[in-house]
Amino acid sequence: MSSYHLMRASQLVIATHNTNKFKEFSNLIKPFGIVTISSGELKLPEPEETANTFAGNATIKAQKAAYITNLPALADDSGLCVTAINGAPGIYSSRWAGSNKDFTSAMERINNYIKDKEDRTAWFMCVLCLALPTGQTWYFEGRIDGQIVWPPRGNQGHGYDPIFQPKGEIQTFAEMTNSKKNSISHRAQAFHAFRTSCLEEHIP
Ligand code: IMP
């Protein structure tokens, strides 16, 4: 099947235990008449992210939720990739901040690696996976290029936002309003691809 259309009133599991992520996706999907439920609400076990790509980890989360619930499930995996450190932290972006979510240390770690390097380019990546209980999957990607700045600037957003300045912008993600960031971000681009393919009505 080249694409999959989610019909109005159908149910979709958002495979996340993060309530903010669930709210963000629900708000984007609800206008299309889809009923969203989170794997957190359903008390599904949180699978281990053992793959070595964003798509691989998104697949693990989406397929697990789809099998258990017998419903279509959507999962995302995202992270910051820094060119001068071979794309790190990448899929380990969350893990670099440790269990106490210390992004100040994680940002310092990035700066320590690249402070003497000329190349400060980086990109944020987001891959969405839609999985059916049959095991079928579809992928939607978003990427935004930019550079690492130091010191960190701004106090909006989350994670690595204060050190990431998108190409062509003078503000970091953390200096932008939410609506500005949400109009250009890697997640917004991936969601746009998903929406175009799976939510909007296509007239043949
Ligand atoms: P995930 O929830 O497993 O996809 O982990 C994503 C991790 O990547 C987050 O914990 C952040 O560290 C980082 N990340 C992803 N998107 C963003 C963003 O928009 N701003 C800042 N950090 C992000």
Side-chain angles (χ1 to χ4, degrees), residues 13-28 38-40 44-65 73-82 85 87-111 113 122-131 139-150 152-167 169 171-192 194:
V13 178
I14 310 294
T16 183
H17 286 67
N18 176 329
T19 43
N20 288 327
K21 205 181 260 188
F22 174 63
K23 272 188 209 144
E24 186 182 329
F25 279 115
S26 288
N27 288 338
L28 293 165
S38 78
S39 44
L44 304 185
E46 229 173 324
E48 235 187 293
E49 298 183 21
T50 50
N52 56 10
T53 59
F54 292 113
N57 284 330
T59 308
I60 291 172
K61 293 183 264 190
Q63 280 189 332
K64 193 99 195 218
L74 183 72
D76 85 320
D77 201 53
S78 58
L80 175 66
C81 306
V82 180
I85 42 176
I91 58 162
Y92 301 103
S93 294
S94 177
R95 283 166 266 187
W96 270 33
S99 53
N100 55 346
K101 306 229 177 300
D102 182 359
F103 281 98
T104 305
S105 300
M107 290 190 286
E108 271 164 9
R109 188 168 165 194
I110 290 180
N111 184 52
Y113 277 122
W123 69 97
F124 268 116
M125 191 71 207
C126 174
V127 179
L128 287 173
C129 174
L130 174 70
Y139 297 90
F140 310 94
E141 291 190 7
R143 169 177 172 149
I144 182 159
D145 287 279
Q147 59 167 320
I148 301 298
V149 300
W150 198 263
R153 304 196 319 254
N155 46 26
Q156 313 285 317
H158 65 99
Y160 298 93
D161 281 349
I163 58 165
F164 184 76
Q165 182 173 329
K167 206 168 165 177
E169 302 288 340
Q171 294 177 309
T172 64
F173 263 174
E175 291 174 312
M176 290 177 183
T177 59
N178 242 348
S179 66
K180 168 79 185 180
K181 180 187 166 189
N182 291 341
S183 68
I184 61 173
S185 78
H186 47 306
R187 208 166 292 103
Q189 293 180 39
F191 184 77
H192 183 263
F194 165 70

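Order of appearance sets the numbers: ligands from 1, and atoms from 1 within every ligand.
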Compile the donor-acceptor pairs under 3.5 Å between side chains in residues 154-162 and protein atoms, sequence neighbours left out, one pair per line.
{"residue": "Tyr160", "atom": "OH", "partner": "Ser93", "partner atom": "O", "Å": "2.7"}
{"residue": "Asp161", "atom": "OD1", "partner": "Lys181", "partner atom": "NZ", "Å": "3.3"}
{"residue": "Asp161", "atom": "OD2", "partner": "His158", "partner atom": "N", "Å": "2.9"}
{"residue": "Asp161", "atom": "OD2", "partner": "Lys181", "partner atom": "NZ", "Å": "3.1"}

When rounded to the nearest 0.5 Å, the distance separating CG of Asn57 from OG1 of Thr50 is 6.5 Å
Applying ring-ring contact (aromatic ring centres under 6.0 Å, His included) to Phe173 and not counting sequence neighbours gives Phe124, Phe164
The reported gap from CZ in Phe25 to CG in Asp76 (rounded to nearest 0.5 angstrom) is 4.0 Å
Rounding to 0.5 Å, atoms CG (Leu128) and CD (Gln189) come to a distance of 11.5 Å
Residue shell for ligand 1, any heavy atom closer than 4.0 Å, reads Lys21, Glu49, Lys61, Asp77, Ser78, Gly79, Ser93, Ser94, Phe103, Phe124, His158, Gly159, Tyr160, Asp161, Lys181, His186, Arg187
Taken in chain and number order and not counting sequence neighbours, the residues that satisfy salt bridge (charged side-chain N to carboxylate O under 4.0 Å, His left out) with Glu49 are Lys61
